[in-house]
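Labels below follow one simple rule: chain letters A, B, ... track the order of the sequence lines, proteins then strands, and each chain is numbered from 1. These numbers were taken from a predicted model, which means no experiment stands behind them.
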Amino acid sequence: MASVTLEKINKVFGRDHIIKDVDLTIGNGEFVVFVGPSGCGKSTLLRLIAGLESITDGDLKIGGDVVNELPPRERGVGMVFQSYALYPHMTVYENMAFGLKLAKENAETVDGRVMSTARILQLEELLHRKPKALSGGQRQRVAMGRAMAREPRILLFDEPLSNLDASLRVQMRNEIARLHNRLGSTMIYVTHDQVEAMTLADKIVVLNGGHIEQVGSPHELYQRPATRFVAGFMGSPTMNFMPATLVSSDHLGCRINAPGIGEMALPQDAQHLSKGAELTIGVRPEHLRLAEPSADNRFDIVNVEYLGNEVYVYLDPKEGDTLIVHRSEAPSQWKEGQAVSLIPDTTHVHVFDQNGKALPATQASAAA
Amino acid sequence: MASVTLEKINKVFGRDHIIKDVDLTIGNGEFVVFVGPSGCGKSTLLRLIAGLESITDGDLKIGGDVVNELPPRERGVGMVFQSYALYPHMTVYENMAFGLKLAKENAETVDGRVMSTARILQLEELLHRKPKALSGGQRQRVAMGRAMAREPRILLFDEPLSNLDASLRVQMRNEIARLHNRLGSTMIYVTHDQVEAMTLADKIVVLNGGHIEQVGSPHELYQRPATRFVAGFMGSPTMNFMPATLVSSDHLGCRINAPGIGEMALPQDAQHLSKGAELTIGVRPEHLRLAEPSADNRFDIVNVEYLGNEVYVYLDPKEGDTLIVHRSEAPSQWKEGQAVSLIPDTTHVHVFDQNGKALPATQASAAA
Amino acid sequence: ADLTISCGAVGAELTLCQEGVAAWEDKTGHEVDIVSTPNSSTERLSLYQQILSANSSDIDVMQIDVVWPGLLANHLLDLNEALGEDVADGHFETIVTNNTIDGRLVAMPWFTDAGVLYYRKDLLEKHGFEAPTTWQELTETAKTIQEAEQAEGNDRMQGFVFQGRAYEGLTVNALEWVASHGGGNIVEADGEISINNENAAKALDLAASWIGDISPNGVLNYTEEEARGVFQGGNAVFMRNWPYAWSLAQSEDSDVRDKVGVVQLPAGGEDGQSAAGLGGWNLAVSRYSENPELAADLVAYLTGLEEQKRRAIEASYNPTIDALYQDEEVLEAVPFFGTLYDTFTNAVARPSAPTGDAYGRVSNAFFSASHDVLSGNMTGAEAVEKLERDLMRLKRRNW
Amino acid sequence: MSTSLKDSAPQGARLPIRQGRSTKVRRQRVKAAWLFLAPMLIALTLVAGWPLFRTFFLSLTDASLSDLDAANIIGFENYLVYENGLWFGVLADHVWWQSVWNTVYFSIVSVSLEVIFGVIVALILNAEFKGRTIVRAAVLIPWAIPTIVSAQMWAWMLNDQFGIINHLLMMAGIIENPIAWTASATYSMWAVIMVDVWKTIPFVALLVLAALQMLPKDCYEAAEVDGIHPVRVFFKVTLPLITPALMVAVIFRLLDALRVFDVIYVLTSNSTSTMSMSVYARQQLVEFQDVGYGSAASTLLFLIIALATIAYLYVGRNKIQLGGD
Amino acid sequence: MNQRQLAKIAKRVGFWALIAVIMVYAVFPFYYAVITSIKPSSDLFMVELWPSNWNLDNYAQIFSQSSFVRAIFNSIIVAVSVVFIALLLGITASYALGRVRFRGRSTIMLVILGVSMFPQVAVLSGLFEVIRALNLYNNPAGLILSYTIFTLPFTVWVLTTFMKELPMELEEAAIMDGATPWVTITKVFLPLMWPAMATTGLLAFIAAWNEFLFALTFTLTDTQRTVPVAIALLSGGSAYELPWGPIMAASVVVTVPLVVLVIIFQRRIVSGLTAGAVKG
Ligand SMILES: Nc1ncnc2c1ncn2[C@@H]1O[C@H](COP(=O)(O)OP(=O)(O)OP(=O)(O)O)[C@@H](O)[C@H]1O
Ligand SMILES: Nc1ncnc2c1ncn2[C@@H]1O[C@H](COP(=O)(O)OP(=O)(O)OP(=O)(O)O)[C@@H](O)[C@H]1O
Ligand SMILES: [Mg+2]
Ligand SMILES: [Mg+2]
């Protein structure tokens, strides 16, 4: 049993409180992805689970037993380090073979495992090189190979694909998924890549400043972000946020006025808020439609980014300083300098209160 | 003048020939992005330009002068290392100020530059930390700050954003673009991120196994890849390749038969090839349409990946072992296990000969 | 300063020297620097040689061991020339001869030293013995007392301790055994190698028989101090040592205070005679001195009768001038100067004069051979035979 | 897709390899290197040049300490010469050969022990625990006491009659009768080795400690997570990584051990059963005044050490690259 | 769980036992020296682990000699200068030898080593002549110069070894920042080399502090002598008497500064200096 349970885990470095009251249950064999902005504590959390950092407060359980005091060696975890941490004096082969316990595994098994891992990671031709003579991406793959070859019951990945090119990344991602299926081991994965997070995860954990913002399935997080932070964090390009005020609300929904765009009827429940309350609405780039400008809905296109298969159009918001992005299939009819009006798809508008909490859908619409 | 010219540059490590006859001209103030698979020699090329590796053969010119012999110090180059290479005993501030102080800038300039760079990179609160106490992404930003603060006339970036989260990455990308505009310095940028490459580059250089596959604007590379390699490399998810045979060709175009899909009339010029020649056709995921299956065009859906705003549908090709990907807006009507027929958009089909070279469009269609 | 002198490394000796030098300074109005040198005589020697072979005038007057004149002669001033032919008159003949190399008097005798036998008056009395006169007698007495004492529970009691380490001290000890047995002087004054004889072999064999019997095994690595340590700790019946041990054994905190007697070393058998190894120090003047006359004058003063008398009275340094052994004041201060007068005058010198440069090798070969016999690796006869061969080889280029 | 994404294993025609082509950058760097080396080389030449040359030269003469100027060149007679049916010279002296054997024996045994214990001590000093400062300082004490003093101290402690060692051993009932440590041929070499080991463990330990402290931390974390037993980690990770420093420590220990003098001289003087090459050379040079012969012995000692060092460096060439990288 | 705790306790006990053994082994002789130094001379030949009588006469005696105090002062000057010179020359040389590839590098390494291959006695007289020629006889500067003969090879070798271990990327980063080799050495490498510098510095200091033969030969007067010579020249009442008490007292006294030095410098021997520098 390799479920992992975190109970009110805290970590303090000197005077910095890095991990704050993290509660999390990871089922046996689950694939959990940690995401969050740079420096929010993802790596620290992995290191706590691995036992490389001591837990300041709280309990960490693996398979039901508290393991706070257990040295990493006895936790049965494997880890791909963000900084690789390769053994500089060993060849790629030796790096990968080292972790396989020679006492128990016979030489053939070791060799077999290393070779098959190397094949998966396309490292076969580099097996006799030392890390020093490898490129960044190659080193990263060795780091991955080292952890994977061991086939531990819990695998921790810390941004394992960040230095790989897109197509290799896709392949590796599939290999990781396949490994997960084959071993059935619990995997905890840190990534900055939305695609990886969305495709691999059974469950995504969004961290922010050391605490958990939201836990849920990829779909859930994307569709129903609980906070403005999560909404902004998931999805690329990021969701557009605009200020708005509450005009009216009842049990079926609410009306909201977004300056420059106009009034909208939305299915969110805003009954606990008073009229005129300041809100933020969020609309993903793909849920914005551009049309000919009108007098009171007029935005200037400041930039058009061409990405091959799609185009990002950046608009100058009249308030706030973050550009508004519209995303559509390439080629696009829009050009820099043009003026347009913005038409959000009201079924996909998110509303957040002043604390950044998402307003839930009304009972009626939720039932629908 | 900070144009950079590479003339038949070669680099040999021991017995490994890593860079092969690279010819490249980078204009003053240009923003050039190097892309290519892991280990293809991108970093090595940057290091050659920086002067950190000696050139085995060929000439490197900066601003018209051959600089093969010039020490890095005198080349006016700044570099962000893939491995960061921070000074571990210096604080973030000192790391960034080091180069400036060496350039004998006065204390005020130093402080001003460091502070403003730190602001851009969101490192203000970390200025007094040592690298050891930083997260991976924070280290990466420091590495970037160190090179940027010096404002050299040529800036080399080696995957500077790989460890940052999506939204920070977008911000940083914009900052780099802004910096480029402000300084007007020549920038050479290595990345694995398609979006970065597409949005930042004036010119993209695709490397493969140490030689240049193609150089061109982002648009050019995406629309008119010169080789199968470039076609497969640019774009994510990657282009689908299927075997085909040449049925007939004339000066207006050709007819091609792709087994399992059917015959297609394409505007490519295949007159130099004999009938029955083996070809490969390439279709991007967004240029594939799925429809109800027919008897001789029937593919099984093996996987549907949900990415929030879009959906990838994976099909089992009857020949070859790479899955075919179809990409569409979320939500999708397709489910795993369904059978579908594949309808490529023939205006966007690429054809490659046996050497992987793309067939050019015919004169007639090119003129159109 | 006008002169530099190196004299006496050791405490009392240094003080005495300072006083003497001060007196000369008062008398002549010159200034003298005193430098201290290592206590270990080999170190002192190599230091001198270092300085002398650089032809340096850093030290004008130096205190040298009785075995050094041969080695240093080339660098030293002929004092007969500087101070007159008769300057050494009245000094012990043996020492003057020792200091005369190729007819040049290279050093003035300053004070002398000779091996003596210390014994435990109380123990000998208790077990009814007299101080031994032959080595054989010593052996028996020591054995009897040692066994008796050990039986009484005094586990650590040893019969006889001496200097058995492979170093210069063993050369003196072994030479005493050999000479007292009539085995000659290793190398005679004419340069003849005389060691290969029965008496010498017998003497060494006898000494070897002591090890592990009346002497502890450790004696093979003893120098003067270790021997004194055992004796003064009350754990030995007999000890061969220099006179210096006397005042220490008699010091207030000594375990054997007032229980110690001193006699001359035993003779080798009935027909042998007592032989004490000659020790002691001389004063010499460097040839490279910038003020040779002045330096010679200082030497003359320090080795003169006045000064030697003062030293004898104040610190019981053995004078090298015959006359002082009849001097009442001296005898009053140190009574055994009278009784051991013969010992001092007849002390046997090590063969440093005839062997010159090679003395070091000769001594080394000799103490090595002796050490081999003591440790039981060889019999006396084998050892002296081998030694003779070794010495012949050394003599290859003539002494 | 995947076919085109293989690692860029270099294929196709190979360029003629022009390694070490001297570019100006490299030349400048090399020039800077020599500039940096210069002060050290000048200092060493100044200090060591003449003395070493002089020793070489004198070994070919019959110089005597009492009169160096009167030296004649006699070729290799000091080394070996056949005369009057007998072989003479250092190489014909059985005492020399005895001292060579003693020295080699001493060096191998003591350096091995020092390395083993030194590494153990270093590992302990490397651990984090309360009072580490004190222990570090304490461990260094043996090295800090001047050899002339410490050797005498040990001579004192090893004394058969009033030495504390025998006293303790007898109290503990390990031995019946006091052992003459420094006198007996059987024990004296071991006594010397023991003292030398005692004295120089700190040297090795300190160097190894520095090496341990400079190790990259993160691959230990990797090893820990990989579940590798600490002992295995030590042999497979730590040891290989500290090997360069260890090799240097061993080289210098070996050099010192092969030239050992003080300890042996003070503890057992000129006794042939422990005489080392240096003691022999010193005996010839200082006690026997024979500068020529002594210089020959010194030169031979130099040659033996040089050979040993080169052999050692050759054997360990994979571990310690002479300036290679 | 219980077993684990037991094992843990056993480990701790074992660890501390090992420390205890090492401490006793390292310190006991020193302890014995301290004991000896406070014993009255009559008790010298008594074997005991704890002195039955004690006084500080020996200390009073050595400190009453101004030459001894002076010798400590000289030793400090000599040792400090030697360490400074050795580290300065060593660090620059080690940069050249450890980080620049050029022909003849191994030869130089070997030649440097060769200097340490002659027995001290053999070079003694040659060095004596050099010292005299430079007019540095009986002058601490002569000692400082001559000590480089054994400190330099050692320092250069050790520092070169450690210099090589530092990540290449750091130097490259400095180069890109426009640092000259000298700046790279002083600003980038030096701070990272502290463990090695502290160690070699300490070892060189101790070697210089304890050196005897050169010190004895190249100085003459009390005012110029260093501690080991001063100790060796301490003397008893007469020629054969070893002044054990004062010698031990002096040894204890001269060891104390070294212990203090170690305590100060061991702070510099810290791990993880390069942590966070490079990725991969
Ligand atoms: N010192 C070396 N000796 C031998 N081969 C080397 C050395 N350094 C790099 N290589 C090889 O050169 C090739 C190019 O390396 P480089 O670092 O330039 O790749 P890259 O394109 O930057 O890859 P990545 O995207 O993974 O960082 C790689 O295959 C690598 O293994
Ligand atoms: N030893 C330390 N002392 C003080 N603060 C630290 C230390 N190590 C990490 N931190 C801080 O803890 C926070 C979390 O670090 P962590 O490495 O877990 O971030 P992360 O989420 O992995 O970020 P990234 O995506 O950039 O790798 C960061 O702000 C970092 O600066
Ligand atoms: Mg991290
Ligand atoms: Mg790279």
Which of the residues B/L168, B/L134, B/N163, B/L307 is involved in the greatest number of heavy-atom pairs with chain A at under 4.5 angstrom? B/N163

Return the minimal non-hydrogen interatomic distance between A/G41 and A/I19, and the atom names on each side. O-CD1, 3.5 Å

Within the distance-only criterion (no hydrogens, no angle test), does the side chain of A/R139 pair as donor or acceptor with the backbone N or O of A/P131 below 3.5 angstrom? yes

In terms of heavy-atom pairs under 4.5 Å with chain B, which of A/R173, A/R169, A/R284 leads? A/R173

Residue from B/Q194, B/K42, B/Q82 scoring the most non-hydrogen pairs under 4.5 Å with chain A is B/Q82

Can you tell me which of B/A133, B/P285, B/S135 forms the most heavy-atom pairs within a distance under 4.5 Å of chain A? B/S135

Given a strict heavy-atom distance threshold of 4.5 Å, which part of B/E286 is in contact with chain A: side chain, backbone, both, or neither? side chain

Quick check for you: among B/V195, B/N174, B/D158, B/V35, which has the greatest number of heavy-atom pairs under 4.5 Å with chain A? B/V195

Greatest number of non-hydrogen atom pairs under 4.5 angstrom with chain B, of A/M234, A/H287, A/Q223, falls to A/Q223

Within the supplied structure, the quantity of interest is the number of heavy atoms (other residues, nucleotides, ligands) at a distance under 6.0 Å from A/K203 NZ; does it exceed 12? yes

Using non-hydrogen atoms only, which part of B/F81 is less than 4.5 Å away from chain A: side chain, backbone, both, or neither? neither

Taking every non-hydrogen atom, the tightest pair across A/M79 and A/L46: CE-CB, 4.1 Å

Please check this pair: side chain of A/Q140 against backbone of A/P160, looking for a donor-acceptor N/O pair closer than 3.5 Å. yes

I'd like to check B/E213 versus B/F233 (side-chain heavy atoms, cut-off strictly below 4.5 Å). Are they in contact? no

Keeping the roles fixed (side chain from A/H348, backbone from A/H350), state whether a donor-acceptor pair exists under 3.5 Å. no

Against chain B, label A/F13 side chain, backbone, both or neither, depending on which of its atoms sit under 4.5 Å from a heavy atom there. neither

Any idea which heavy atoms bring A/V325 and A/L288 closest together, and the distance? O-CD1, 3.6 Å

Tell me which of these, A/S162, A/G137, A/G14, has more heavy-atom pairs under 4.5 Å with chain B than the rest. A/S162

For chain A, which candidate among B/E310, B/R141, B/H219 shows the most heavy-atom pairs at distances under 4.5 Å? B/H219

